[in-house]
Novice: 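Pasting in a structure now, in structure tokens, and then I'll have a few things to ask.
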Amino acid sequence: MSGKPTVVLVHGAFAESSAWNPVTERLRAAGHRVIAFANPLRSLSGDAEALRSLLTSIEEPVVLVGHSYGGAVASNAAFEVPGVRALVFVAAFAPEPGESIGALTGRFPGSTLPDVLEFVPQTDGTNDIYIRQDAFHQQFAADLPAEEAALDAAAQRPLRDTALNEPSGEPAWRTVPSWFVFPGLDRNIPLAAHQFMAERAGAKEVTVVPDASHALPTSSPEAVTTTILNAADGVA
């Protein structure tokens with residue numbers, strides 16, 4: 001579409017592809033082809049491999065965008081994929097080799113996520129992890145209307161605990177330019193962790209959305225879209 005980069009959106013844990021809809025609408029209106037990847041949420045390496053297969057099938061330059069756990073998947077998947085020209089981290093993890101998202105969450109104080117999780121045992125000895133529905137609104141999406149947050153809580157897709165604890169491989173953010181946008185009131189990932197990861201990655205642009213929740217693609221789509229469009233302009 002109009003020779004512009006394709007934008008690939010990667011959702012994180014406790015969400016699904018439609019969480020990107022408000023951003024997708026705005027990106028399409030700006031003339032971009034958009035693909036909202038269905039993140040399996042099973043293991044970091046497996047999820048990254050699935051995303052890598054998609055990325056290598058796209059002929060146009062790609063702006064790759066990850067939310068939350070999706071940032072770790074995106075960064076792992078894009079390593080040495082030449083078509084990925086920019087990375088955008090939206091309230092997202094940007095681990096370095098050997099780091100897990102669980103370790104990054106606990107590196108700085110402030111996350112209340114561990115207190116509201118429920119675990120569903122699987123037959124292979126692993127666990128699927130959900131946010132308790134009664135806690136979802138305040139934990140994940142405090143700036144959304146309660147009824148909308150309740151629907152999101154019911155539709156949330158679980159993260160396998162193997163994905164939570166699996167160490168990252170080599171990240172693309174070391175070689176691909178990155179943009180970061182994150183909320184001022186994130187209860188999943190501490191603000192200090194966001195700031196640390198953005199500085200470590202040498203981000204070209206850092207935007208903090210005051211008073212916003214972790215559900216940034218849904219609650220603050222304008223800010224997220226602006227960051228993505230800025231990254232796309234950097235690719236052109």
Side-chain angles (χ1 to χ4, degrees), residues 1-12 17 20 23-24 27 30-40 43-101 103-104 163 166-182 189 193-208 216-217 223-236:
M1 297 175 67
S2 303
K4 296 186 176 183
T6 292
V7 180
V8 176
L9 306 170
V10 185
H11 69 81
S17 296
W20 288 110
V23 173
T24 298
L27 291 172
H32 288 274
R33 178 189 178 213
V34 181
I35 302 172
F37 172 71
N39 193 354
S43 71
L44 179 54
S45 57
D47 298 344
E49 188 59 34
L51 177 57
R52 179 186 291 264
S53 296
L54 172 63
L55 295 174
T56 56
S57 75
I58 299 171
E59 296 183 0
E60 304 87 357
V62 171
V63 175
L64 183 57
V65 184
H67 175 235
S68 193
Y69 164 70
V73 175
S75 187
N76 275 251
F79 179 65
E80 294 187 338
V81 175
V84 177
R85 307 293 177 81
L87 292 167
V88 181
F89 293 89
V90 180
F93 289 103
E96 67 177 5
E99 273 184 335
S100 69
I101 65 165
L104 267 171
E166 183 177 354
S168 174
E170 190 67 33
W173 54 257
R174 286 184 166 172
T175 55
V176 178
S178 61
W179 282 252
F180 281 70
V181 56
F182 46 82
I189 305 173
H194 286 305
Q195 294 168 330
F196 167 77
M197 289 185 285
E199 182 176 355
R200 181 172 67 179
K204 293 181 71 68
E205 177 183 283
V206 178
T207 301
V208 182
L216 210 57
V224 173
T225 302
T226 296
T227 299
I228 296 170
L229 292 177
N230 288 346
D233 286 343
V235 170

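What you see is a predicted model; the values in this text were computed from it and never measured.
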Novice: About how many Å separate CD of E80 and CZ of R52, when rounded to the nearest 0.5 Å?
Specialist: 7.5 Å

Novice: Would you call T207 and F180 a side-chain contact if the rule is heavy atoms closer than 4.5 Å?
Specialist: no

Novice: Heavy atoms, side chains only, cut-off 4.5 Å: are M197 and I189 in contact?
Specialist: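 M197 vs I189: side chains touch.
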
Novice: Find the distance between OG (S168) and CG (N76) and round it off to the nearest 0.5 Å.
Specialist: 3.5 Å

Novice: Cut-off 3.5 Å, no hydrogens considered: what does the side-chain donor-acceptor table look like for residues 86-99, sequence neighbours left out?
Specialist:
unit_1	atom_1	unit_2	atom_2	d
E99	OE1	E96	N	2.9
E99	OE1	R200	NH1	3.3
E99	OE1	R200	NH2	2.9
E99	OE2	R107	NH1	3.1
E99	OE2	R200	NH1	3.2

Novice: Please indicate whether E199 has more than 12 foreign heavy atoms, meaning atoms of other residues, nucleotides or ligands, lying under 6.0 Å from its CD.
Specialist: no

Novice: With side chains defined as the heavy atoms from C-beta onward, is the minimum distance between L229 and H32 less than 4.5 Å?
Specialist: yes

Novice: Measuring from atom CG of D47 to atom CZ of F37, what distance do you get when rounded to the nearest 0.5 angstrom?
Specialist: 7.0 Å

Novice: Could you go through V73 and L44, starting from their C-alpha distance and side-chain angles, then the distance that decides it, and tell me whether this counts as side chain to side chain contact (heavy atoms under 4.5 Å, CB included)?
Specialist: CA-CA 6 Å; V73 175; L44 179 54; 3.9 Å; yes

Novice: Using modelled atom types only, decide if a donor and an acceptor are shared between the side chain of K4 and the backbone of A30 within a distance under 3.5 Å.
Specialist: yes

Novice: Do L51 and V8 come within less than 4.5 Å of each other through their side chains, counting heavy atoms only?
Specialist: yes

Novice: Using side-chain heavy atoms (C-beta onward) and a distance below 4.5 Å, is I58 in contact with I35?
Specialist: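 Touching, per the 4.5 Å side-chain cut-off.
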
Novice: Should V65 and W20 count as side-chain neighbours, where that means a heavy-atom distance under 4.5 Å?
Specialist: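 Result yes, sub-4.5 Å side-chain heavy-atom pair found.
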
Novice: Taking all heavy atoms of G70 and all of N39, pick out the closest pair and write down the distance.
Specialist: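 That would be CA-ND2, 4.1 Å.
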
Novice: Pairs in or reaching into residues 64-86: which pass ring pair (Phe, Tyr, Trp, His ring centres under 6.0 Å), with residues at least two apart or in two chains?
Specialist: H67-H214

Novice: Taking atom CD1 of I228 and atom CG of L27, what is their separation to the nearest 0.5 Å?
Specialist: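 If I round to the nearest 0.5 Å, the distance is 5.0 Å.
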
